[in-house]
Amino acid sequence: MKKNQIIDILKSGQVGAEITVKGWVRTRRGSKNVSFIALNDGSTINNLQVVADAENFAEEILKHINTGAAIAATGKLVESAGSGQSVELQAEKIEIIGKADPDKYPIQPKRHTLEFLRDVAHLRPRTATYSAIFRIRHKLIFAIHNFFNERGFYNIHTPIVTSSDAEGAGEMFRVTTLPMNDLPKTEDGEIDYSEDFFGKSTNLTVSGQLEGELFAMAMSRIYTFGPTFRAENSNTSRHLAEFWMIEPEVAFFDLNDNMDLAEEFLQYLIRYALDNCIDDLQFLSKRLQEEEKNKPADQRSMELIEKLKFVADNEFVRLTYTEAIDILKNSKQNKKGKFQYPIEGFGTDLQSEHERYLVEKKFQKPVILTDYPKEIKAFYMRMNDDNQTVAAMDVLFPQIGEIIGGSQREERLEVLESRMAEMNIPADEMQWYLDTRRFGGCQHAGFGLGFERLVQFVTGMGNIRDVIPFPRTPKNCEF
RNA sequence: UCCCUAGUAGCUCAGUUGGUUAGAGCGGCGGACUGUUAAUCCGUAGGUCGUAGGUUCAAGUCCUACCUGGGGAGCCA
């Protein structure tokens with residue numbers, strides 16, 4: 001394949017070479033005699049400067065070289081006479097491939113708000129910020145598969161349409177081909193799902209974990225990486241109705257192994273981004289710093305790249321829920337009544353203000369909280385010997401909050417069955433799951449990483465809707 | 001879903017205790033300029049003030065409802 005993308009041209013720097021470049025015009029500036037075209041093809045954050053001497057080009061060509069237009073420029077790569085770039089293309093021929101009416105094209109050569117660009121999400125990848133984000137997103141996807149592949153994990157595609165609705169991970173989207181205006185009913189007036197496509201009630205998956213466990217109990221180390229759907233009416237900067245989740249599941253792992261894996265994984269991914277996306281990260285960092293200029297000094301956050309290095313290089317804090325409650329209870333914040341939800345003692349769920357205190361104030365680094373009270377966690381988490389807590393773990397990041405949630409799983413059949421009974425999980429529909437405990441059951445553990453939350457952290461973006469190409473949120477499903 | 005907040009030109013915003021013809025910057029367009037880097041300078045067009053009601057002699061401004069965005073909370077990844 002020809003290496004004629006701008007990233008290759010800028011890298012090779014072959015001054016004197018005759019080349020043709022295709023891309024989209026970011027801006028055009030200049031005088032009567034010469035036009036400077038900033039050309040970008042999305043392969044890199046950097047533009048190629050195309051120089052067009054007016055005498056060589058018809059007015060009819062030049063006037064269509066507006067922001068957003070697709071063009072092909074042919075000419076010689078020369079050392080730049082200007083100071084912003086080392087090389088530039090001295091154009092001999094320019095072809096207008098696709099015009100962009102400057103009166104109607106919504107993206108202008110000026111700073112736009114992220115909110116406005118969200119309204120034109122189909123065109124926002126044409127901007128420097130979004131193309132940087134999506135290049136980083138790609139690199140992280142690649143790094144995830146790399147990480148697991150290097151460590152003997154197998155990628156398993158767990159189902160997207162599922163008949164299991166007992167996972168308890170949130171409201172589900174129904175999947176059906178039944179006519180909405182004329183639903184078939186059973187004799188007692190219920191909807192008759194036997195007439196539905198699958199002959200039963202089906203939904204979009206809220207987690208691949210339970211199915212993932214089946215494969216971990218056969219192939220030892222597996223991970224899933226797929227779309228996940230939650231029909232929660234969540235309106236926050238860190239929730240989506242459709243998002244991507246990575247869920248490793250490992251046989252013969254306990255909670256400590258699980259924490260080690262989570263920490264190594266996150267640090268690997270952040271390091272990978274630093275090593276492979278530095279141009280884009282520098283651009284995003286600069287952007288963030290300009291945005292923060294308006295904030296008072298004490299509210300500014302750590303510079304992006306510095307922050308990423310810090311997290312990649314420093315051990316996470318590990319703390320039990322009980323220890324965390326103790327710290328919070330004795331904190332000045334709590335004693336002065338500064339928490340909106342004061343800490344009473346064991347058993348209360350931690351609010352995000354408490355998590356933020358631990359991560360952003362007390363330790364100023366990622367924190368892994370473990371061994372939560374059984375009442376506030378899922379049925380499949382392994383009961384600890386104290387009979388009060390379960391072997392759960394949440395990895396908390398600054399700004400993002402919970403980036404990973406996981407646990408050692410309950411492998412003891414009787415204990416699991418009694419937990420399911422306590423929490424009203426219908427065991428008869430879950431016999432396939434219980435079979436892994438019945439036959440060759442063993443210790444195992446795993447976790448779920450919210451991919452977009454990771455991308456948020458790495459790019460420094462405040463709103464999760466800006467790190468997924470087509471965000472799906474309550475009342476919003478464009479395209 | 002709850003609390004707070006906003007919606008005025010293509011974009012970002014200003015618009016005083018309700019008062020006559022609704023403003024600016026950027027962007028667009030036209031022109032000037034011997035190489036620009038968010039180019040610069042001169043000129044110009046562009047508005048159902050989110051929607052629907054209401055109060056008033058008079059509403060961009062006040063009230064009510066709804067819609068949409070943003071911030072926070074809950075649910076969670």
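The sequence lines fix the lettering, A, B, ..., with proteins before strands; numbering per chain opens at 1.
One atom, NE2 of A:H239, and another, P of B:G72, lie 12 Å apart when rounded to the nearest Å. For the pair A:D103 CG and B:C11 C1', the interatomic distance rounds to 14 Å; values are reported in whole Å. For the pair A:D119 CG and B:A6 C1', the computed distance is 14 Å after rounding to whole Å. The nearest whole Å value for the distance from the CG atom in A:L123 to the C1' atom in B:C11 is 15 Å. Going from atom NZ of A:K110 over to atom P of B:G10 covers 12 Å, rounded to whole Å. Rounded to a whole Å, the CD atom of A:E478 is 12 Å from the C1' atom of B:U68. Spacing between atom CZ of A:F339 and atom C1' of B:A73 amounts to 15 Å, rounded to whole angstrom units. The CG atom of A:N463 sits 19 Å away from the P atom of B:A77 (whole-angstrom rounding).
When heavy atoms are screened at a 4.0 angstrom cut-off, A:P102 is found touching the sugar-phosphate backbone but no base atom. A:S352 comes within 4.0 angstrom of the backbone, heavy atoms only, and of no base. Within 4.0 Å of A:E452, counting heavy atoms only, lies no atom of the nucleic acid at all. The residue A:I400 sits apart from the nucleic acid: no heavy atom pair falls under 4.0 Å. Among the heavy atoms of the strands lying under 4.0 Å from A:Y341 are primed sugar atoms or P, OP1, OP2 only; no base atom is included. Across all strands, A:E353 comes closer than 4.0 Å to no nucleic acid atom at all (heavy-atom distances). In this structure, A:Q456 reaches neither bases nor backbone, as no heavy-atom distance under 4.0 Å exists between it and the strands shown. A:S237 comes within 4.0 angstrom of the backbone, heavy atoms only, and of no base. Across all strands, A:K104 comes closer than 4.0 Å to no nucleic acid atom at all (heavy-atom distances).
In the interface, the side chain of A:S234 is paired with the base of B:C75 through a donor and an acceptor atom under 3.5 Å apart. If you check distances only, the side chain of A:E88 does reach the base of B:G35 with a donor-acceptor pair under 3.5 Å. Judged by atom type and distance alone, A:H112 does not reach the base of B:C11 through any side-chain donor-acceptor pair under 3.5 Å.
For B:G74, one of the phosphate oxygens OP1 or OP2 lies less than 4.0 angstrom from a side-chain nitrogen or oxygen of A:Q351. Side-chain nitrogen and oxygen atoms of A:R356 include at least one within less than 4.0 Å of the OP1 or OP2 phosphate oxygen of B:A73.
Distance from the side chain of A:P109 is smallest for B:G27 among the nucleotides B:C75, B:G70, B:G27. Looking at the side chain of A:Q108, the nearest of the listed nucleotides B:C11, B:U36, B:C75 is B:C11. If you check B:U34, B:G69, B:U68 against the side chain of A:E115, the one that comes closest is B:G69. Side-chain proximity of A:T236 to B:C29, B:G35, B:A73: nearest is B:A73. Nearest to the side chain of A:R465, among B:C29, B:C75, B:G70, sits B:G70. Checking B:C76, B:U36, B:C11 against the side-chain heavy atoms of A:F116 singles out B:C11 as nearest. Closest approach to the A:Q85 side chain among B:U1, B:C76, B:U37 is made by B:U37 (side chain taken as heavy atoms from C-beta onward).
Put simply, A:F36 does not rest on the base of B:G35: the two rings are not both less than 5.5 Å apart at their centres and under 30° in tilt.
Nucleotides B:G30 and B:G47 are separated by 22 Å at their C1' atoms, to the nearest Å. Comparing the C1' positions of B:G27 and B:U40 gives a spacing of 16 Å, expressed to the nearest Å. Taking atom P on both B:G23 and B:G15, the two are 15 Å apart, rounded to the nearest angstrom. Across the P atoms, B:A9 and B:C3 are found 29 Å apart, a figure rounded to whole Å. Nucleotides B:A45 and B:C63, compared at atom C1', are 37 Å apart to the nearest Å. Annotation: B:U44 and B:G25 have their C1' atoms spaced 16 Å apart (nearest Å). B:U21 and B:G60 have their P atoms separated by 10 Å, given to the nearest Å. Spacing of C1' atoms, B:G50 relative to B:G43, comes out at 34 Å, to the nearest Å.
Under 3.5 Å, the side chains of A:E303 and A:S285 contain a donor-acceptor pair of N or O atoms.
A:Y321 and A:F346 have their aromatic ring centers within a separation under 6.0 angstrom. Residues A:F153 and A:F147 keep their aromatic ring centres 6.0 Å or farther apart.
Of the two residues contacting RNA chain B, namely A:N233 and A:Q340, the nearest-nucleotide position lying further toward the 5' end is that of A:N233. If A:G450 and A:T113 are placed on RNA chain B by their nearest nucleotide, the residue sitting closer to the 5' end is A:T113.
Of the possible polar contacts, one joining the A:E353 side chain to the A:Y341 backbone as a donor-acceptor pair under 3.5 Å is found. Not a single donor-acceptor pair under 3.5 Å links the side chain of A:R126 to the backbone N or O of A:S131. Although no hydrogens or angles enter the test, the distance criterion places a donor-acceptor pair under 3.5 Å between the side chain of A:R221 and the main chain of A:R151. Using a distance-only test at 3.5 Å, with no hydrogens or angles considered, no donor-acceptor pair links the side chain of A:R238 to the main chain of A:G462. For the pair A:E247 (side chain) and A:G446 (backbone), a donor-acceptor distance under 3.5 Å is absent. In this structure, A:H354 contributes its side chain and A:A324 its backbone to no donor-acceptor pair below 3.5 Å. Under a 3.5 Å cut-off, the side chain of A:N40 and the backbone N or O of A:T44 do form a donor-acceptor pair.
Of the residues in residues 21-32 of chain A, A:R29, A:G30, A:S31, A:K32 come within less than 4.0 Å of RNA chain B through at least one heavy atom, sorted by number.
No salt bridge links A:K22 with A:D41; every basic N to acidic carboxylate O contact stays at or beyond 4.0 Å. A:R318 and A:D260 are joined by a salt bridge, as a carboxylate oxygen and a charged side-chain nitrogen come within less than 4.0 angstrom of each other.
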- Strand RNA chain B as a dot-bracket string - pairs counted if Watson-Crick or G-U with both distances under 3.5 Å, | where the partner lies in another strand: (((((((..((((.....[...)))).(((((.......))))).....(((((..]....))))))))))))....
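Taking the six-membered ring for Trp and thresholds of 30 and 60 degrees, A:W244 and A:F225 have ring planes more than 60 degrees apart, a perpendicular arrangement.
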